[in-house]
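Protein chains get the first letters and strands the later ones, always in sequence-line order, with residue 1 at the start of each.
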Amino acid sequence: MKNFSHLLIKEIKELLNKQLLISLVFILVIFNFIGNITRTEMKKAMAKQKIAVLDLDRSEISRNIIGALNLARFIIEEKTGDKEKVVEEVRNSNLDLLVVIPAGFGQLASSFQPTEVETYSFLKGVSISGRTKTELVKALLNSTNDYLSNEYLKKKIPEADPKLLKAPIKSREFVVVKDKQAEGSSAAIIGALTAQNFILPVILMMIIMYSAQMVITAIAMEKQNKTLETLLTVPVSRGAIVMAKMLAAAVVGLLSAAIYMYGFRNAFNFTDMDDISRALGGLAPVLKQLGLTVNTQGYILFGISLFLTILCALALATILGVLAEDYRTAQSLSVPLVFIVMVPYFISLFADINTMSLPAKILVLAIPFSHPFFAMQNIMFGHMNMLWLGIVYNFLFVVVLLWWTTRIFATDRVLTMKLKWRKKKVVL
Amino acid sequence: MAPVLEVEGLKKRYGSLEALKGISFKVEEGEIFGLIGPNGAGKTTTLRIISTLLTPTDGRVTFLGFDLKKNPEKFRERISYLPEEAGAYRNMKGIDYLNFMAKFYAPDEAEAKKYVERAIAISGLGERLKDKAGTYSKGMTRKLLLARALMTKPAMAILDEPTSGLDVINSLEVREMIKGFTREGVSVLLSSHNMLEVEFLSDRVALIDRGVILDAGTPQTLKEKYQAANLEIVFRRAVQ
């Protein structure tokens with residue numbers, strides 16, 4: 001145990017070197033920079049923005065529309081004069097949206113004749129604020145349309161409710177999950193669950209990738225620095241050497257992934273987390289009624305699935321590390337591992353494993369890294385057989401890989417195993 | 001006097017290649033035993049097997065009465081191995097490297113400290129031990145590693161090409177260091193293709209070629225037997 005902790009400390013120190021610390025600080029700085037820019041853009045989009053309005057009608061309805069625009073977070077800069085000249089003037093200014101209400105608009109609208117409002121968007125780049133402005137104007141005109149059509153219907157059929165006339169069929173949505181049922185929108189529930197879990201696959205991918213890369217590098221560096229042979233002859237068990245390397249890689253990998261995720265969240269936190277909480281808060285009773293919540297037992301099972309997957313990644317990476325002769329080869333060898341991790345990552349983001357064809361499903365689930373990606377979904381939707389199958393599969397995978405790894409380290413293969421790119425050479 | 005190390009009928013096969021074809025030799029206490037032969041003769045394989053890095057295909061190796069197959073940990077406790085192309089952890093200071101290695105062998109902190117003090121004296125690196133090993137020249141690294149190998153007062157030091165790649169001055173210093181160990185009762189098993197170096201250092205030598213020991217004895221008896229002025233000529237005549 002004394003020798004193991006001694007080795008572990010050395011391994012952690014070796015991995016937490018200046019280069020890694022610099023790259024982690026660099027990641028934080030870059031993400032912080034991206035985060036500042038995106039937040040500034042978001043603030044701009046949400047703040048009151050200046051738009052130009054040319055009211056050639058000057059009717060009560062047109063003034064009401066301008067009043068509503070004012071209430072809808074816009075600062076109105078009213079223009080007068082010829083439309084062509086105003087378009088030219090706005091084009092040369094720093095304004096990027098012009099709303100033109102033509103002459104006769106009020107009269108046509110109040111007599112329920114077709115009429116139109118023109119909007120001119122001056123594209124000077126692609127920004128979030130540019131898009132939100134036009135969307136807001138469009139929403140406002142839709143409300144005005146709704147209001148005018150209601151007025152028309154009230155006038156023509158005073159005894160009828162305009163809302164009922166426009167939408168005589170009401171819909172009630174029910175969502176059924178296994179034997180549970182609740183009233184609610186499936187789109188809203190899927191949206192809420194996606195929003196709640198969108199960060200999870202990224203975290204999983206980062207943890208697996210970082211840990212695996214760390215252990216490959218640790219072994220490859222021993223070979224490159226010609227320290228492995230000496231280490232293997234010190235009075236400490238080979239198992240302890242392997243375990244110390246794997247544990248150190250897991251610790252440093254988790255730390256790196258945590259720092260990366262902190263930076264990532266800081267940079268891409270477009271949506272206010274309070275909004276998500278509020279949205280989930282509203283849907284919480286529905287989710288609970290449908291059993292789409294995770295209890296303590298669920299989190300424990302998810303933890304087991306994740307732990308076994310990390311062990312799989314570490315054992316597999318250790319074997320790859322033995323094959324690597326130096327740091328450069330180690331980097332190349334970690335690439336296929338990264339791609340294998342990306343398969344379940346993308347599938348969990350864009351597809352449903354349960355609706356995939358059987359061969360594709362088997363292929364995806366044969367990857368040991370897949371199981372924690374689908375574990376949460378399996379827990380929530382009660383696919384417990386799938387979850388347990390994944391845990392058992394990963395457990396067996398870990399046992400076989402760890403046995404194989406320890407065997408490699410206990411025999412000549414730790415020194416003689418090589419990728420046979422060229423003719424095998426043996427030092428006698 | 002009982003031999004410290006006994007090798008009997010040692011064989012090693014890598015696939016279809018038979019690297020060792022049943023070699024036998026003994027090393028006495030406080031003796032420097034040299035394995036000499038050209039590249040590919042089987043010297044490194046022999047040393048790696050005794051150091052527990054490789055497993056033999058056949059044969060028997062006993063060290064201080066312990067069998068290699070049954071008690072490899074006993075070999076690791078009392079044998080220090082210096083591989084031909086060994087390095088130190090580049091990001092570790094020389095002194096930290098010695099501390100790190102000492103703790104594997106020492107029963108407590110006080111003993112570990114003694115080992116390190118001994119290593120400081122052996123290496124002769126002085127203040128440079130406070131620098132990272134990555135900044136050392138090849139000669140300095142070799143001295144550090146040699147000090148590491150000997151600080152624990154092992155029963156046997158196995159040195160593979162101890163002066164390989166070193167300049168004349170560093171080679172001389174390293175040879176002097178090796179000579180000094182035996183005065184403290186350490187047995188040394190070394191290999192080299194530099195036959196003059198082995199002749200200078202060794203009490204006894206074995207001539208090895210293509211996995212077979214051609215002959216063994218003191219440098220003097222071998223020179224007399226083959227009527228040669230030095231071991232290089234002895235080796236050439238033995239091969240013929």
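Looking only at side-chain heavy atoms (C-beta outward), Leu316(A) and Phe369(A) come within less than 4.5 Å of each other. Using a 4.5 Å heavy-atom threshold, the side chains of Thr406(A) and Arg238(A) count as separate.
Counted within 6.0 Å of CZ on Arg118(B), heavy atoms from surrounding residues, nucleotides or ligands total more than 12; the atom is thus considered enclosed. More than 12 heavy-atom neighbours from other residues, nucleotides or ligands sit within 6.0 angstrom of OH on Tyr393(A).
Heavy-atom distances place both the backbone and the side chain of Leu232(A) under 4.5 Å from chain B. Proximity to chain A (any heavy atom under 4.5 Å) is restricted, for Lys12(B), to the side chain, taken from C-beta onward. Looking at Ala86(B), both its backbone and its side chain come within 4.5 Å of chain A, counting heavy atoms on both sides. For chain B, the nearby parts of Asn3(A) are the backbone and the side chain; heavy atoms of each come within less than 4.5 Å. Contacts between Gln224(A) and chain B at a heavy-atom distance below 4.5 Å are absent for every atom of the residue. When heavy atoms are compared at a cutoff of 4.5 Å, Arg148(B) approaches chain A solely by way of its side chain, counted from C-beta outward.
Between Thr152(B) and Ser80(B), the closest heavy-atom pair is OG1-OG, 3.8 Å.
Ion pairing between Asp67(B) and Arg60(B) holds under the 4.0 Å rule for side-chain N and carboxylate O.
Annotation: maximal heavy-atom pairing with chain A below 4.5 Å, among Leu20(B), Leu47(B), Thr55(B), occurs at Thr55(B).
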